[in-house]
4 protein chains.
Amino acid sequence: MPAEPDPARRSHESWRAILDATFELLEEGGYESVTMGAIAARAGVGRQTLYRWWPSKAAVVFEVFLDKTNIGPFVDGGEDFPAQLRAFAHGFRALYVEGPAGTRLRELIGAAQTDPDLARAMVEQWFEPRRAPVRNALHEAQKAGLVRTDVAADTALDLVFAPLHYRLLVSGCPVDAEYVDTVVDLALAAMAPGASFA
Amino acid sequence: MPAEPDPARRSHESWRAILDATFELLEEGGYESVTMGAIAARAGVGRQTLYRWWPSKAAVVFEVFLDKTNIGPFVDGGEDFPAQLRAFAHGFRALYVEGPAGTRLRELIGAAQTDPDLARAMVEQWFEPRRAPVRNALHEAQKAGLVRTDVAADTALDLVFAPLHYRLLVSGCPVDAEYVDTVVDLALAAMAPGASFA
Amino acid sequence: MPAEPDPARRSHESWRAILDATFELLEEGGYESVTMGAIAARAGVGRQTLYRWWPSKAAVVFEVFLDKTNIGPFVDGGEDFPAQLRAFAHGFRALYVEGPAGTRLRELIGAAQTDPDLARAMVEQWFEPRRAPVRNALHEAQKAGLVRTDVAADTALDLVFAPLHYRLLVSGCPVDAEYVDTVVDLALAAMAPGASFA
Amino acid sequence: MPAEPDPARRSHESWRAILDATFELLEEGGYESVTMGAIAARAGVGRQTLYRWWPSKAAVVFEVFLDKTNIGPFVDGGEDFPAQLRAFAHGFRALYVEGPAGTRLRELIGAAQTDPDLARAMVEQWFEPRRAPVRNALHEAQKAGLVRTDVAADTALDLVFAPLHYRLLVSGCPVDAEYVDTVVDLALAAMAPGASFA
DNA sequence: ACCTAACCGAGACGGTACGTCCTGTCTTCTG
DNA sequence: CAGAAGACAGGACGTACCGTCTCGGTTAGGT
């Protein structure tokens, strides 16, 4: 009796059918309308097959999210740091904040507030992989003396990442290109060596 | 048959019993463990009474949140803007980010991702009342020439509000006093007139 | 929270709908095809309503059985005991052994083999009410000196009741009128005062 | 692809392990607790091996029943018919009515009510082999003029077999030695040549 | 000495029924 | 006559089995 099933014996067809069915259901009725039973029925799959490989509907939806949107944005190594940061922020907005991906992201972050496993998985498999290249670029800029070094990198990164998500999750204000530009401007201004208020 | 019940005839005892019961249930088992039925049973109240005055469990929990935490922080008019902003940010952290209120806030924002009515109510009754005094202080500082005027006030405010919530909702990193101080420093640096990267 | 629901508040419409739906399902596909879910769906009733009032599908089916077949046979007080016993046995066969009622009875007795509550309910609400009038007639016959008194009444009754059920449940041999007549003849012969083998 | 598997290649170890595992499970939790999966797991056997050789759990349990209890009772040819019948009835009670064998027999007859294949198998492989020697003894007694010949042998046999099973399956009354003696007395009285009520 | 066919353990699969839980509405009884 | 009590229809949940299937490994003839 296998407490943990053998991934080698997993049915690839069922896997795909489940991801596709879940995606369709999300498009049709949103996160709330998706149920484990509906996924199984749509995919032509037994309910047990779902529960064998995923602990919850949130986990399935997150895998669909990864499957469909795990595509960037990327940080071009050739540019200077301000341009890299700006390009990344605009790319992030385009890919994940506006449009269906933004809705999915909101719903998943929402579910993660009461699902610690999902929260951890999202940080490890989605948020951190997107922060890491920006952090690297930031470190390079620090080495080059372009960015102040008296502030933790992750705190500095939050200056860009946090506003993008805050409007999405909390204030509902639009995250348009102008907002992104302004946020990047402000973040860069704050990161400049010697920047201070007084 | 009143489509909309008459608030004047509302039973004050039931109201209080419901809020108290909900608070207890939240303390005991968290948001997930709260159900409309459990609230009614604990409060010694009919289920209909709940549905008459609140549209959903989220609405009840939000009212409990307001009832228990609608207490500040305040912006002291006498200080200079940097000190006001810093005091506000630390007060916000102490009241709403650490401790049970932070958990409640997370859960409510989580629920709001799939509940537009709740999202709207939270913005109007909770987030905006906390942003407003800071916005006013910001405007005063702008008039005094202490803060740049080429950036929308709400975007500037996000530099402080967003990181506080981002770590709470997304990254799970601690929001300690040092982090708050650094974020305020960076935000102020960005807001300084003429601040820029190059 | 009522551990035991209040029969006074029971919905008569649901009750009838459940019994009717169960009867239809039994007619259509037999005992095996009946499920709690199918009953609820057919009756337009919530699953919980079923579980509120009946502990199992067997209990529902038994109530349907009582509802549809709780009609006799009767023992005519005016006749002599042999005629009474014979009439009863034929009536019993006609009502409960041949036809759909026999199938239902078989299925219920089958289920009762692994369901002690059902077994007890069937004895108390169905078998005993049918044995009692025959036992009374037997006692009258014993008082009149027509039947031996050196044998327990229930043992004597078994001479008639047991063969009817035995063929139904075990041997599968037909229980036709001739068999009933012969069994009654033999039982009466055995009950005659002074009857013995040697 | 063999529609019918080759018994010659059957694994004797698996066979025994299955029967033993099933017996253990029956002892531990009764018929209801036995499942094909549990048998396979306990026996260390693949599920397919079970389905290859038996059509259902009932068939396995019946084979276990045969395996463990297919031992009698026997009819001693040397005695006179009444003594033979009485000895047989007491032996039957001791072996199959009281104790675990009685419970197994009840459960199997119960299952047979909705499983025609099992019903047929039980009649052929278990009931009939036990009736046959008694029927033979009865025929001998009829030839010797000791038993009436105007009644079908199987009907006469039912006078003894039916009450034993009736109490087991239906009324739940004890089938003790006294009951068996009385039933045999009554049956013999009924079988006596010329016996009748009037 | 190999080939191949069938059995074997193992366990994932598509399904179905289960019994529980919760929702939001409706009805009844009671203070 | 307001409200507590709770029955109701509906539906998702996660579990347990069912009977089928596919996968390697082994075993036993048949070449």
Side-chain angles (χ1 to χ4, degrees), chain A residues 1-2 5-11 13-15 17 32-41 43-53 55-57, chain B residues 1-2 5-6 9-11 13-14 17 34-38 40-41 43-52 54-57, chain C residues 1-2 5-11 13-15 17 32-41 43-53 55-57, chain D residues 1-2 5-11 13-14 17 33-41 43-53 55-57:
Chain A
M1 54 204 78
D6 180 358
R9 304 189 57 175
R10 190 167 183 177
S11 160
E13 288 80 4
S14 297
W15 196 345
E32 295 275 84
S33 80
V34 177
T35 68
M36 293 296 250
I39 295 171
V45 144
R47 301 169 65 75
Q48 196 74 209
T49 300
L50 273 173
Y51 287 106
R52 178 149 41 229
W53 301 110
S56 65
K57 128 184 167 179
Chain B
M1 59 198 69
D6 180 359
R9 306 192 59 173
R10 188 168 185 176
S11 161
E13 288 80 3
S14 296
V34 177
T35 68
M36 291 297 249
V45 143
R47 303 166 62 73
Q48 199 63 248
T49 302
L50 271 172
Y51 287 106
R52 183 154 31 234
W54 291 274
S56 66
K57 126 181 169 180
Chain C
M1 58 204 77
D6 180 359
R9 304 190 56 176
R10 190 167 183 178
S11 160
E13 288 79 5
S14 296
W15 195 346
E32 295 274 86
S33 80
V34 176
T35 69
M36 292 297 251
I39 294 171
V45 144
R47 302 169 66 76
Q48 195 78 184
T49 301
L50 272 173
Y51 287 106
R52 178 149 40 230
W53 301 110
S56 66
K57 130 183 168 178
Chain D
M1 61 198 72
D6 180 0
R9 304 194 59 175
R10 188 169 185 177
S11 160
E13 288 80 3
S14 296
S33 79
V34 177
T35 67
M36 291 298 250
I39 294 171
V45 144
R47 302 166 62 75
Q48 198 64 247
T49 302
L50 272 172
Y51 287 106
R52 181 151 36 230
W53 303 110
S56 67
K57 129 182 168 178

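A, B, ... follow the sequence lines: proteins, then strands. Residue 1 opens every chain.
Mapping B:Ala38 and A:Ser11 onto DNA chain E via the closest heavy atom, the residue that lands nearer the 5' end is A:Ser11. Mapping C:Lys57 and A:Ala40 onto DNA chain E via the closest heavy atom, the residue that lands nearer the 5' end is A:Ala40. Checking A:Tyr51 against C:Ala43, the closest nucleotide of DNA chain F that is more toward the 5' end is the one next to C:Ala43. Taking the nucleotide of DNA chain F with the nearest heavy atom to each of D:Gly37 and B:Ser14, the more 5' of the two is matched to B:Ser14.
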Distances under 3.5 Å only, N/O to N/O: pair up the protein atoms with those of nucleotides 26-31 of chain E.
unit_1	atom_1	unit_2	atom_2	d
E:dC26	N4	B:Gln48	NE2	2.2
E:dT27	O2	C:Arg9	NH2	3.2

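Counting to the nearest Å, the P atom of E:dG14 and the CD atom of A:Glu13 are 9 Å from each other. In this structure, D:Met36 atom CE and F:dC18 atom P are separated by 7 Å, rounded to whole Å. Between the P atom of E:dG11 and the CD1 atom of D:Ile39 lies a distance of 18 Å, rounded to the nearest Å. Distance, C:Asp6 CG to F:dA4 P: 19 Å, rounded to whole Å. If you measure from atom CZ of C:Arg52 to atom P of E:dT20, you get 12 Å, rounded to the nearest angstrom. Distance CG (B:Leu50) to P (F:dG3): 12 Å, rounded to an integer number of Å. Whole-Å rounding puts the A:Arg10 CZ to F:dT22 P distance at 19 Å.
Minimum heavy-atom separation, A:Glu32 to A:Lys57: O-NZ, 3.9 Å. The nearest pair of heavy atoms linking C:Ala43 to C:Ala17 is CB-O, 3.5 Å.
No engagement by B:Trp54 is indicated, since no non-hydrogen atom pair under 4.0 Å with the nucleic acid exists. Using a 4.0 Å heavy-atom distance criterion, D:Trp53 is classed as a sugar-phosphate-only contact.
Checked against side chain to side chain contact (heavy atoms under 4.5 Å, CB included), A:Trp53 has the following partners two or more places apart in sequence or in another chain: A:Pro5, A:Arg10, A:Thr49.
Taking CG of D:Leu50 as the reference point, atom CZ of D:Arg47 lies at 8.0 Å (rounded to 0.5 Å).
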For this session: State the dot-bracket string of DNA chain E. Criteria: Watson-Crick or G-U wobble, both atom distances under 3.5 angstrom; notation: ( ) intrastrand, [ ] crossing earlier pairs, | interstrand, . unpaired.
Result: |||||||||||||||||||||||||||||||
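Of the candidate nucleotides E:dC7, E:dC18, F:dC13, E:dC18 has the atom nearest to the side chain of C:Thr35.
Between B:Thr49 and F:dG3 there is no side-chain N or O to OP1 or OP2 distance below 4.0 Å.
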